[in-house]
Amino acid sequence: MRVTQGTFSYLPELTDDEIAKQVAYGLDQGWAVAVELTDDPHPRNVLWEMWELPMFDLLDPAGAVHEVNACRQAFPDHYIRVSLYDASYGRQTTALAFIVNRPSQEPGFRLERQEHADRQVRYTLHSHATDRPPGQRGGGGNGQP
Amino acid sequence: MSNGERPDSGRGFSLHQPASGSEPGPGPGLQAEGEADASALLGAEELIDLHAEGGAAQTTEILERLDAELVGLDPVKARIRDIAALLLVDRLRQRYGLSSTRPNLHMSFTGSPGTGKTTVALRMAELLHGLGYIRRGHLVSVTRDDLVGQYVGHTAPKTKEVVKRALGGVLFIDEAYYLYREDNERDYGQETIEILLQMMEDERDDLVVIFAGYADRMESFFQSNPGLSSRVAHHIDFPDYTVDELAEIAELMLAEEHYEFSPDARTAFRDYLDLRIAQPRFANARSVRNALERARLRQASRLLSGDQRKIGRADLVEIAAQDIRASRVFDHPTEDSADGSPTARRGDGTLAEP
């Protein structure tokens, strides 16, 4: 199951050149770049881990692409996204974020129903990626029942 | 439910593909952007008008400005002209589909203080940008402090951050020999050099590094880092200026600040240069600038303390001979401390370029 979150997620995977162009746009707006990664793509998991330090005074996108590739090399089976922060609001505000790397097999989600008082049913999403503890989630197979 | 979704995963996406293969566009990276219309390869018989070629005009303009603004430095200018020509020809070759490897443009600038290394580096960044060799053309000027960390594990991220900032432009490392300290094997400078080497290799297409420093120290710096030396293709030596050239530089500097020498002052300044050049810690153009700054001070106080009640534009513009002759260089021509400039007072002979 293909995770669609962030910008461009319905498009084919961006090439390095396309990533560079998106980042270049952000840099022209005065945004800061960060590379983040996670192995739990649940839509409510907003706290992805930061790869290296955020890049505040970058002028050229090549530095960001360099970090993306370094991160891909270190975590080939993680979700990796590029976030561009717009600091002009006085707080860190994500102006643009897009996924640049996915695991070779995306485990996906299942719907969970919870029986509640008065036969109410509550629904929630369960991320198959979290079936295993962190550190053992790499690669495919996570989504197998 | 998850079972129903699984067949999707096979075709819905693939792992990241690097730039190659997905786009038939020519040229590496973003550089192809502006040349979309020129992307069609030319036939073997077609001819290109050298002067109409994009970038040629800009190159000539930058080279002309280099000639006009920088006095002397003939070997430097000759080498820059060569580099510009090579890059231009490379671009023309690309239009015929003749591929060649990207030329290695890491440089080392050696020369005495005040010979214009930083200024030329700035021009170099503009030039390389004009020729499309680098994307942004900014100059990131750093010294040891900006690269080397203070504790274990601090150096690598610090150096990487600086290099990342310089990608697409020129990284200018002033007084680069400070990166390597022979006497201290545990110095973090060595780590910086290793990371620089690695980044110079990884980011070949986006990075130009210029190492600058005084000739003798750079010599031993490169000797103790052979890996670095072999990756630097252009070793450019900045010669010291002659008295004539220094006088010409002084005129240029004054004109920039809207001052003028009186005829007497002109000869006085040449006398000053003759004396000053023989003294220790002479920093070429920087010493000239300092001397002129002090002449301006004296001119200002002369105007205020003089008997003349009314002064005009000519008085405000003119540097008179007495403004120059009041310099201590004329009083004690042999004394070290004759030059009251901050550069001379630093006392260790190592002058940081401002």
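Labels below follow one simple rule: chain letters A, B, ... track the order of the sequence lines, proteins then strands, and each chain is numbered from 1.
Residue A:Tyr25 qualifies as open at atom OH: its count of foreign heavy atoms under 6.0 Å is 12 or below. In A:Gln73, the CD atom is not crowded: 12 or fewer heavy atoms of neighbouring residues, nucleotides or ligands sit closer than 6.0 Å. Counting heavy-atom neighbours within 6.0 Å of A:Glu112 CD, excluding the residue itself, gives a total above 12.
Rounding to the nearest 0.5 Å places NZ of B:Lys160 at 11.5 Å from CE of A:Met55. To the nearest 0.5 Å, atoms CD (B:Glu203) and NE2 (A:His66) are separated by 5.5 Å. Atom CG in A:Asp60 sits 6.5 Å away from atom NE2 in B:His138 (nearest 0.5 Å).
Among all heavy-atom pairs drawn from A:Ala24 and B:Arg136, the shortest one is CB-NH2, 4.2 Å. Considering all non-hydrogen atoms of both residues, A:Ala62 and B:Leu167 come closest at C-CD1, 3.5 Å.
In terms of heavy-atom pairs under 4.5 angstrom with chain A, the leader among B:Ala166, B:Gly169, B:Pro157, B:Gly168 is B:Gly168. Interface summary for chain B: among A:Asp57, A:Val68, A:Ile19, A:Leu58, the most heavy-atom pairs under 4.5 angstrom belong to A:Asp57.
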